J.: 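Take a look at this one; I'll ask things after.
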Amino acid sequence: MTAQSPATRPGGRSARVRAAVLDAADQLLSGDLEPITVKHLSEVSGVSEPTLYRRWRTAENILLDAAVRHLSEESPVPVTGELRADLVTWASGLERSIATKAGLRFLSLIVQARSAQPDASAEALAPLMNQRFGQLRSLLETAGAPASLTVEGLLDRVLAPLYVRQLLGYAPESGAAELVDEVLDRAHRG
């Protein structure tokens, strides 16, 4: 008699509920600038309000979860071993993502949540930050980046300027690739 491996479940109800709710949040965030409520999210997702309150507690927490998913999907971190190419691909994807209506709305939401509930929003954003730090660290290690090039340096000199430019509506001629080149030049100088 041969042992069979158990059947795998690719998602289950919890994953389907989360996907439906976050898809509804994406849809609502792409629409009018009216406040988004748990009731709106329930109506669009087809998931009951009590389920939403039990799982996320507030509409803001749902929207932060959607922001985390959006940024993770729209600006993945490639790891091919080609340092400049990988960094430019990541930064350019991020630049494009946050330039959309939904991307700008996500940034606005993060700023609002951080000012209203700093501890709760930091907790909600922790999965994205941990994921991003790990992905960027892997990119740097795989490409054999100089020790002076750190994840924190990338966040300070590439990510932060891209966000600030978008939030302030400042569009210089230089873009993500130039920011990456400046960081790499600085790292190689040492």
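In this text the structure is predicted, and so the values were computed from the model without any measurement. The figures that follow rest on heavy atoms only: side chains count, while hydrogens, waters and symmetry mates do not.
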J.: Provide the full list of salt bridge (Lys or Arg N to Asp or Glu O under 4.0 Å) pairs with a residue in residues 76-87, sequence neighbours left out, each pair given once.
T.: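 Matches after skipping sequence neighbours: Arg84-Asp181.
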J.: For the residue pair Ala20 and Ser45, what are the closest heavy atoms and their distance?
T.: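 For Ala20 and Ser45, the tightest heavy-atom pair comes out as O-CB, 3.5 Å.
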J.: Might you point out which heavy atoms bring Arg114 and Pro118 nearest each other, and give the distance in Å?
T.: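 Result for this residue pair: NH1-O, 2.6 Å.
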J.: Rounded at 0.5 Å granularity, tell me how far OG in Ser115 sits from CD1 in Ile110.
T.: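 Interatomic distance, Ser115 OG to Ile110 CD1, rounded to 0.5 Å: 12.0 Å.
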J.: CD1/Ile62 to CG/Leu29 distance, rounded to the nearest 0.5 angstrom?
T.: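 Here the rounded value is 11.0 Å.
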J.: Hey, does the side chain of Arg55 reach the backbone of Ser14 with a donor-acceptor pair shorter than 3.5 angstrom?
T.: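 Present.
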J.: Of the non-hydrogen atoms in Trp56 and Asp65, which two are nearest, and what is the gap between them?
T.: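 In terms of heavy atoms, the two residues are closest at NE1-OD2, 3.0 Å.
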J.: So Leu63 and Arg105, do their side chains get closer than 4.5 Å, heavy atoms only?
T.: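 No - every pair of side-chain heavy atoms lies 4.5 Å or more apart.
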J.: As an exercise, state the distance from CG of Leu107 to OG1 of Thr100, rounded to the nearest 0.5 Å.
T.: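 If we round to the nearest 0.5 Å, Leu107:CG and Thr100:OG1 are 9.0 Å apart.
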J.: Could you state the interatomic distance from CD1 (Ile36) to CG (Leu41), rounded to the nearest 0.5 Å?
T.: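 Nearest 0.5 Å value for the CD1-CG distance: 6.5 Å.
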J.: Under the side-chain hydrogen bond (donor to acceptor under 3.5 Å, both in side chains) rule, collect the residues that match up with Thr89, sequence neighbours excluded.
T.: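 None.
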J.: Considering all heavy atoms of both residues, which atom of Val47 and which atom of Val21 are nearest to each other, and what is their separation?
T.: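 In terms of heavy atoms, the two residues are closest at CG2-CG2, 3.8 Å.
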J.: Can you name the side-chain hydrogen bond (donor to acceptor under 3.5 Å, both in side chains) partners of Glu95, sequence neighbours left out?
T.: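 Checked Glu95 against side-chain hydrogen bond (donor to acceptor under 3.5 Å, both in side chains); zero matches.
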J.: Of all residues at least two apart in sequence or in a different chain, which pass the side-chain hydrogen bond (donor to acceptor under 3.5 Å, both in side chains) check with Thr37?
T.: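 Per chain and number, Thr37 pairs via side-chain hydrogen bond (donor to acceptor under 3.5 Å, both in side chains) with His40.
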J.: Report all side-chain donor-acceptor pairs from residues 127-136 shorter than 3.5 Å, counting only partners two or more places apart or in another chain.
T.:
unit_1 : atom_1 : unit_2 : atom_2 : d
Asn130 : ND2    : Ala126 : O      : 3.3
Gln131 : OE1    : Ser72  : OG     : 2.9
Arg132 : NH1    : Ser75  : O      : 3.0
Arg132 : NH1    : Gln135 : OE1    : 2.9
Arg132 : NH2    : Leu71  : O      : 2.8
Arg132 : NH2    : Ser75  : O      : 2.6
Arg132 : NH2    : Ser75  : OG     : 2.6

J.: For Leu22 and Ala66, work out which heavy atoms get closest and say how close.
T.: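 Shortest heavy-atom contact: CD2-N, 3.6 Å.
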J.: I'd like to check Asp23 versus Arg69 (side-chain heavy atoms, cut-off strictly below 4.5 Å). Are they in contact?
T.: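 Yes, at least one pair of side-chain atoms sits under 4.5 Å.
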J.: Using a 3.5 Å cut-off and no angle test, enumerate the donor-acceptor pairs between side-chain atoms of residues 146-174 and protein atoms at least two apart in sequence or in another chain.
T.:
unit_1 : atom_1 : unit_2 : atom_2 : d
Ser148 : OG     : Ala187 : O      : 2.8
Thr150 : OG1    : Gly153 : N      : 2.9
Arg165 : NH1    : Ser174 : O      : 3.2

J.: With the side chain counted from C-beta on, respond yes when Thr142 and Leu83 share a heavy-atom pair under 4.5 Å apart, and no when they do not.
T.: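 Not in contact.
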